[in-house]
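First the structure, in the form of structure tokens, and then the observations on it.
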Amino acid sequence: MTEPSTERDPESVSRFVEHFAAQLVEAGMPRMPSRVFAALLASDTGALTSAELGEQLRISPAAVSGAVRYLAQVHMVSREREPGSRRERYRVHSDQWYEALTSREAIIKRWEDALREGVASLGAGTPAGRRLAETLAFFEFIEHDVAEMMERWQAYRQERFGH
């Protein structure tokens with residue numbers, strides 16, 4: 001039996017990056033962060049420098065910088081210094097989806113607080129107050145299910161991948 005090839009066809013990688021990025025854009029993520037995220041996800045190390053990203057994606061350093069800033073804000077990548085260098089590497093982690101979803105919890109909590117204020121301000125019996133109350137109930141419902149789902153994910157991940 002032959003070992004699977006570890007060689008990667010750059011054209012195939014590029015096609016994957018652009019296809020996956022297009023899927024992220026369709027889901028609402030900005031185009032450049034989508035491309036940078038897909039490139040990081042497709043790299044064997046999960047980390048690339050700004051220059052490597054710019055070269056691979058054929059984009060400017062400013063485009064890389066803006067994309068990484070966005071991705072860091074939504075907890076999808078982290079920045080790290082190369083040892084002994086001033087250059088930064090941008091890394092995607094194996095648990096980036098978990099981190100991105102759990103970081104949304106803080107945002108949802110703030111939305112819930114604002115919605116509670118809105119219900120109180122507008123009056124629970126008004127059409128707008130009822131609409132806000134229903135929106136609040138939706139976020140509370142989702143928040144509960146996401147917390148349970150994340151616990152199940154951690155157990156499944158441990159069982160399947162051992163980490």
Side-chain angles (χ1 to χ4, degrees), residues 12-48 50 53-54 56-57 59-80 88-163:
S12 293
V13 172
S14 182
R15 278 193 304 275
F16 163 76
V17 166
E18 295 306 326
H19 177 74
F20 189 62
Q23 299 305 308
L24 294 172
V25 168
E26 201 169 300
M29 184 185 266
R31 183 171 181 269
M32 236 11 105
S34 295
R35 293 182 72 215
V36 167
F37 180 75
L40 288 167
L41 199 59
S43 71
D44 283 337
T45 62
L48 296 167
S50 179
L53 284 164
Q56 179 180 340
L57 299 173
I59 59 177
S60 70
V64 171
S65 178
V68 168
R69 184 171 38 264
Y70 173 88
L71 292 167
Q73 287 172 344
V74 296
H75 305 280
M76 292 181 75
V77 301
S78 60
R79 299 170 193 251
E80 53 189 46
E88 285 186 328
R89 294 180 74 73
Y90 307 108
R91 176 172 300 282
V92 64
H93 297 280
S94 60
D95 62 350
Q96 77 274 352
W97 300 113
Y98 177 84
E99 291 297 323
L101 271 177
T102 54
S103 73
R104 295 277 186 232
E105 285 184 76
I107 293 167
I108 290 174
K109 288 274 190 212
R110 289 195 305 267
W111 290 352
E112 288 173 356
D113 291 344
L115 287 164
R116 275 188 202 88
E117 280 182 36
V119 170
S121 297
L122 299 171
T126 66
R130 284 192 299 273
R131 190 170 43 255
L132 292 182
E134 187 173 337
T135 303
L136 172 59
F138 171 78
F139 283 124
E140 290 169 339
F141 178 84
I142 293 297
E143 181 182 17
H144 178 264
D145 274 10
V146 167
E148 285 182 359
M149 183 177 58
M150 291 314 218
E151 287 176 20
R152 289 193 322 268
W153 162 247
Q154 291 294 358
Y156 177 80
R157 181 180 183 213
Q158 176 65 40
E159 179 182 303
R160 180 144 185 211
F161 300 103
H163 44 171

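Treat the numbers as computed from the prediction; the structure is a model and nothing was measured.
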Would you say that [X] contacts [Y] through its side chain, given a criterion of any heavy-atom pair below 4.5 Å between the two side chains?
| X | Y | result |
| --- | --- | --- |
| Val13 | Gln56 | yes |
| Leu41 | Val17 | no |
| Arg130 | Leu122 | no |
| Arg79 | Arg91 | no |

Is the number of heavy atoms from other residues, nucleotides or ligands within 6.0 Å of CD (Glu159) greater than 12? no
Atom CD of residue position Glu134 - does it have more than 12 heavy atoms of other residues, nucleotides or ligands inside 6.0 Å? no
Could you tell me if Arg15 and Ser12 have a donor-acceptor pair between their side chains, going purely by distance under 3.5 Å? yes
Taking Arg116 first and then Glu140, would you say they form a salt bridge - that is, a charged N and a carboxylate O separated by under 4.0 Å? yes
[atom1]/[X] to [atom2]/[Y] distance, rounded to the nearest 0.5 angstrom?
| X | Y | atom1 | atom2 | answer |
| --- | --- | --- | --- | --- |
| Asp145 | Arg152 | CG | CZ | 7.5 Å |
| Tyr90 | Leu40 | OH | CG | 10.0 Å |
| Ser50 | Ile59 | OG | CD1 | 8.0 Å |

Residue pairs involving residues 118-152 (criterion ring pair (Phe, Tyr, Trp, His ring centres under 6.0 Å); sequence neighbours excluded): Trp111-Phe139
For Gly54 and Val64, work out which heavy atoms get closest and say how close. N-CG2, 3.8 Å
Gly162 backbone acceptor or donor facing Arg157 side chain under 3.5 Å: no
With under 30° as parallel and over 60° as perpendicular, where do the rings of Tyr156 and Trp153 fit, or are they tilted in between? tilted
